[in-house]
Amino acid sequence: FKIMIGGGQIDETVRKYTGADAFGVNAVEAVSLCRKWMGAAA
Amino acid sequence: MPVALFASFWLARYGGVSCQRLMYDYEHTKQLALRAAQEFDADIVAAGMVASSIYGPTLELMDFKQLQWAGHGVGEHQPYQYLDREYMANDEYDELLADPTGFYLRRYLPRISGALAGLSDMPVLPGMHYFRLVAGLRAFAKPGLKEALLNLIKVAEESERMAGHNNDFAQQLTALGYPRDAGGNTVSPYDFVADYFRGARGMMTDLFRKKDKLLQLLDRARVWLTKLTIANAQAAAHPIVMIPIHWAPDAFMSDKQFKEFYWPPFRQMMVDMIDAGLVPMPLWEADCSKRLEVIRDIPPGKCIYWFERTDMVRAFEVLGDVVALRGNLSPSLMTTGKPEEVDAAVRHLAENVFHKGGKLILDCAFGLPDETPIENARAMYAAARRYGS
C-alpha cells in the first residue's frame, strides 16, 4: 500500500522525513493523487 | 543582512521547561528570553517572545474560551490550540453594527469568557433616563452580573501585572541594546471577523449569503482596528506593528474574493496607519504567491512584508522595490534539517535576495519553530553573520 500526507504545512522535507510516498497541500491534490495511483494500479 | 530573533514556545525548549511554566512563570520567562537575546545576538528581538507567552494567569482568571493552552485542554508541553467557533451568529450583524459596545458587553464577552458570563444580564442602557435610569441600575445587583463585574476587576488586575512584566522586559532589552521588532500587533478586518466572531464556516457562508452586511462590518471593523492600533503603537512608543495574516493565502479564497473582501479594508487600514507614522508589518502566512501583484499597491518604502511560505526570491522580484522583506526559513527545515542544510538555506536567501538589493530581514517563516533543535538555531545565526556582509 501507499501512504500520502497532506495539509498546508506539508512540504517535500516533511514527506522525506516521514517516509510518505507523496504529499499534497489541499483536498484537490489528494483527489488527484488518488486518481493517479488508482489509474496506475488498474 | 539584519537578522531577527522571534520565537514563542521554542523558548520552553531552549530553557528546558514546560510550555506551562513558560506561560505562568513571569520572571523565569523574561530571564530565558534575555538569555536567548544575548546568546544569538540578533539585530532585532521580538518582545512578543515574552508578551505572547505569559498569558497563563490572565487566561485562567477569564476562563477564556477561544483557546486551549498548556494545562487547560492540552498537555503541559503543548502550545496554544485555537478553537474555531461561531462567537457571533449570522443574524447578529445588525445588533453589532448598531451598538458595538452593547454587543461586546452583553453578548461577546460572555461567550469568550466563562468568568464574565454574567455580563449578559447587563441592562440595555440607551433609552433609560431620569428616575427610570436610577431605578434601572438595580439590574447591577443581580448576583450573576455582580459576580461577573468582580471577576472583571480580578482579570484586569492580573492583566495589569502582565503588562508590568512586558514593560520591564522591553526596558531590559533596550538596556542591553536590542531594538524590538515591533511594539505590538493587530489583525486585518477580514481576519478579525472570520477568526474571532463568525468562525471559518460562518464566514465562508456569509461571503455568499450576507455579503452586504459583511462588507459593512468589515468597514466598521477597519475603523475600530485602525483607531486601536494607532493608540497602542503610540503607547508602546514603537512604530512597527506586526499583523499576522490568516485568510489571505492562495488556498483560502479566489482572487476575486480577495480583491472584494480582504484587500480593500486592509489596504485602507495600512494606509491610515502609515499616515499616523506607523510601519505595518503584515506576516503573510502560508503561500500568498497569487496575491503578490495585488498587495504591491501600497505606498513604497513604508511596510515590511514578512512571508511564511511564499518563495522569497519571487516576492523580491515582484515587491522588492516597494517593501522591505522578512523571513523565511521553512519550519520543516528548521525542525528536521541538519545544521549544514540550515546554513545552505540562509546562504540561498543572502545570495539571491539580500545581496541582489532586497531589503531582507532574515528570520524563520514564523520565527523559530517550537521544536527547533538548538544547534539549528545556532547554525542560522552563524550563517546570517557569515553570508550577510
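Chain identifiers are assigned alphabetically (A, B, ...) following the order of the sequence lines, protein sequences preceding nucleic acid strands; residue numbering begins at 1 within each chain.
The neighbour count for A:Y17 OH, taken as heavy atoms of other residues, nucleotides or ligands under 6.0 Å away, does not exceed 12. Heavy atoms of other residues, nucleotides or ligands lying less than 6.0 angstrom from CZ of B:F40 number more than 12. Within a 6.0 Å radius of CZ in B:R201, other residues, nucleotides and ligands contribute 12 heavy atoms or fewer.
For chain A, the nearby part of B:S330 is the side chain; its heavy atoms alone come within less than 4.5 Å. Of the atoms belonging to A:N26, not a single heavy atom falls under 4.5 Å from chain B. Both the backbone and the side chain of A:Q9 come within contact range of chain B, each with at least one heavy atom under 4.5 Å from a heavy atom of that chain. Neither the backbone nor the side chain of A:V28 has a heavy atom closer than 4.5 Å to any heavy atom of chain B. At a 4.5 Å heavy-atom cutoff, B:E341 makes no contact with chain A through either its backbone or its side chain. B:P331 touches chain A through its side chain: at least one heavy atom from C-beta onward sits under 4.5 Å away, while N, CA, C and O do not.
The closest side-chain heavy-atom distance from B:T336 to A:V14 is not below 4.5 Å. You'll find the side chain of B:R309 reaches within 4.5 Å of the side chain of A:V25, heavy atoms only.
Separation of atoms OG (B:S332) and CZ (A:R15) is listed at 12.0 Å; rounding is to 0.5 Å.
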